[in-house]
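What you are looking at is a predicted structure, and each value in this text was computed from that prediction instead of being measured. As the structure lists them, so they are numbered: ligands from 1, and atoms in each ligand from 1.
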Amino acid sequence: MLILGIETSCDETAASVVRDGEEILSNIILSQTKEHEKFGGIVPEIASRCHIEVIIPVIEEALEKGKVTLEEIEGVAVTIGPGLVGSLLVGISVAKAIAFAKGIPLFGVNHLEGHLYASSFEGKPKLPAIGLIVSGGHTELLFIKEYGNYKLLGRTRDDAAGEAFDKIARFMNWGYPGGPIIDELARRGNPNTIKFPKAIIKNGEYDFSFSGLKTSVINRVKENDQIREEDLAASFQEAIVSALTEKTIKAAKSFGVESIILAGGVAANSALREKLKSEASRFEIHLSYPSIPLCTDNAAMIAGVAYLMWKKGERASLFTEAIPNLKLGA
Ligand code: KG4
Ligand code: ZN
């Protein structure tokens with residue numbers, strides 16, 4: 001089953017050709033970072049305009065790199081949410097047009113489910129599992145019984161984990177997106193220099209909160225501008241990583257699972273990968289995470305989920321619409 005995946009939920013225009021949910025024949029990602037950089041965050045209007053300009057060439061490149069023609073494609077998968085409505089609509093319109101013109105099935109995929117699927121390309125994680133999705137727009141802890149069956153355990157009450165990285169980097173004038181920059185700076189810093197408050201909610205069992213941490217970092221810098229940037233980055237990162245790790249391990253133990261799936265853009269963070277891996281191994285829990293290029297937004301993960309939908313006989317209609325606040329296991 002040869003599926004063309006299309007992903008335009010945020011600021012990456014992506015297309016990919018995947019065979020049988022396993023073999024990635026091509027994975028084209030055109031990032032709009034340069035367009036949004038000067039604003040320190042994503043501007044929805046600019047994002048949708050950029051998608052319109054490049055979506056067709058990106059799909060053509062995915063077919064060319066995958067060495068397949070549109071005639072050989074047997075299904076089209078597209079992200080229907082969550083995301084920016086104007087951005088989602090671009091991908092959905094193109095996917096519907098291809099499905100209609102070629103008479104092939106259309107699959108409407110939840111972006112978050114895509115992130116969870118991403119680690120399956122390098123070995124199938126054992127299920128049931130605990131899933132931690134951490135990205136620029138999401139911080140969600142889930143119990144995954146099987147693909148398609150999720151229970152939401154906790155989420156962020158305010159900023160997403162990636163958003164916290166981006167906001168601090170913006171405040172410090174370090175650049176955008178902040179995650180990879182802070183990850184790099186933190187490697188040369190001491191995480192124990194400043195004890196920031198942990199990004200957790202006391203009463204909410206599995207919920208997170210990152211805005212208090214953000215304010216605390218900003219206040220600290222205003223009080224003392226002599227702190228080494230590397231130490232600040234490492235201490236801030238440590239506060240996020242320890243909160244994410246603590247709650248994820250707690251959930252894994254309480255649900256008695258043998259596996260944890262880490263997903264989303266922040267899953268690329270080296271400290272989070274290391275800490276979660278070493279904590280999980282203490283309890284003989286296996287941790288899966290995607291390779292770095294598959295952590296951030298891509299269309300291979302969308303085509304991967306669509307393959308599971310195809311096997312279950314699930315299809316989207318040509319009247320499918322964008323669902324900007326689509327949930328997973330709500
Ligand atoms: O999954 P993604 O590409 O887009 C969303 O669906 O949001 O995630 C992007 C987010 C950004 O906030 C970025 O700063 C963060 O992932 N990110 C990282 C790292 N690489 C990307 N955060 C921490 N450490 C990294 N190495
Ligand atoms: Zn994403």
Side-chain angles (χ1 to χ4, degrees), residues 5-14 16 27 29-33 36-37 39-42 44 47 78-84 87-88 91 109-119 131-140 155-156 159-172 174-187 189 191 199 210 213-214 233-234 236-245 261-276 289-302 304-305 324-326 328:
I6 298 173
E7 154 64 47
T8 63
S9 68
C10 199
D11 64 337
E12 263 97 24
T13 316
S16 165
N27 190 21
I29 305 167
L30 201 77
S31 175
Q32 303 172 2
T33 304
H36 302 281
E37 213 168 25
F39 303 103
I42 297 155
V78 66
T79 304
I80 56 165
L84 302 168
S87 293
L88 289 164
V109 178
N110 183 320
H111 180 81
L112 299 176
E113 194 167 14
H115 274 306
L116 283 178
Y117 188 90
S119 55
L132 175 67
I133 308 175
V134 267
S135 73
H138 294 273
T139 304
E140 258 128 35
R155 53 203 286 274
T156 177
D159 292 346
E163 199 179 351
F165 276 98
D166 296 340
K167 284 182 173 169
I168 290 302
R170 182 181 177 182
F171 171 75
M172 297 299 295
W174 285 340
Y176 172 83
I181 299 168
I182 292 179
D183 192 345
E184 189 53 43
L185 268 177
R187 282 170 211 261
F210 297 100
L213 168 63
K214 181 186 66 193
F236 161 72
Q237 180 174 272
E238 169 62 23
I240 293 197
V241 166
S242 62
L244 293 172
T245 304
I261 301 174
L262 175 63
V266 182
N269 186 270
S270 58
L272 179 60
R273 288 161 97 101
E274 263 167 47
K275 182 152 185 158
L276 200 49
Y289 45 68
S291 61
I292 301 283
L294 291 176
C295 283
T296 43
D297 290 351
N298 65 85
M301 66 188 197
I302 304 304
V305 173
N325 59 353
L326 185 64
L328 196 61

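Annotation for ligand 1: atoms under 4.0 Å from non-hydrogen atoms of Gly265 are 1 (O), 2 (P), 8 (O), 16 (O), 17 (N), 18 (C), 19 (C), 20 (N), 21 (C). Of all atoms in ligand 1, numbered sequentially from 1 with element shown, those under 4.0 Å from a heavy atom of Pro177 are 14 (O). Atoms of ligand 1 found under 4.0 Å from any heavy atom of Gly162, numbered from 1 in the order shown, are 12 (O). Near His115, meaning under 4.0 Å from one of its heavy atoms, ligand 1 places the atoms 1 (O), 6 (O). Of all the atoms in ligand 1, the ones that sit under 4.0 Å from a non-hydrogen atom of Thr296 are 3 (O). Annotation for ligand 1: atoms under 4.0 Å from non-hydrogen atoms of Gly137 are 7 (O).
Checked against a 3.5 angstrom limit, the closest N/O atoms of Gly179 and ligand 1 fall inside it. For a threshold of 3.5 Å applied to N or O pairs, the pair formed by Ser270 and ligand 1 contains no separation below that value. Between Gly136 and ligand 1, at least one pair of N/O atoms sits closer than 3.5 Å.
Under 3.5 Å, the side chains of Asn298 and Glu7 contain no donor-acceptor pair of N or O atoms.
Taken to the nearest 0.5 Å, the NE2 atom of His111 stands 7.0 Å off from the SG atom of Cys10.
Counting heavy atoms under 4.0 Å from ligand 1, residue Asn269 touches it through both backbone and side chain. Looking at Asp297 against ligand 1, both its backbone and its side chain come within 4.0 Å, counting heavy atoms.
At a 4.0 Å cut-off, not a single heavy atom of Cys10 sits close enough to ligand 1 to count as contact. Between His111 and ligand 1 there is a heavy-atom distance shorter than 4.0 Å.
A side chain to side chain contact (heavy atoms under 4.5 Å, CB included) with Pro82 is found for exactly one of Asn325, Leu112, Leu328, namely Leu112. With respect to Val266, the side chain to side chain contact (heavy atoms under 4.5 Å, CB included) criterion is satisfied by exactly one of Thr296, Ile240, Leu272: Leu272.
Here the closest heavy-atom approach between residue Ala118 and residue Leu294 is recorded as CB-O, 3.5 Å. Residues Ala268 and Cys295 approach most closely at N-SG, 3.7 Å, considering heavy atoms.
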Can you list the steps and then say if Phe165 with Phe236 is a ring pair (Phe, Tyr, Trp, His ring centres under 6.0 Å)? CA-CA 9 Å; Phe165 276 98; Phe236 161 72; 5.5 Å; yes

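Shortest contact from atom 26 (N) of ligand 1 to any protein heavy atom: Asp183 OD2, 2.9 Å. What sits closest to atom 11 (C) of ligand 1 on the protein, heavy atoms only, is Asp166 OD2, 3.6 Å.
In this structure, Arg273 places its CZ atom where more than 12 heavy-atom neighbours from other residues, nucleotides or ligands lie under 6.0 Å away.
Looking at Pro177 and Thr33, their side chains come closer than 4.5 Å, going by heavy atoms from C-beta outward. Counting heavy atoms from C-beta outward, Lys214 and Asp159 have side chains that approach closer than 4.5 Å. At least one side-chain heavy atom of Leu132 sits less than 4.5 Å from a side-chain heavy atom of Leu244.
Taking 4.0 Å as the cut-off between side-chain N and carboxylate O, Arg187 and Asp183 count as a salt-bridged pair. Taking the charged nitrogens against the carboxylate oxygens, Glu238 and Lys275 do have a contact shorter than 4.0 Å, which makes a salt bridge.
Around the Zn ion (ligand 2), the protein atoms of type N, O or S that sit closer than 2.8 Å are His111 NE2, His115 NE2, Asp297 OD1.
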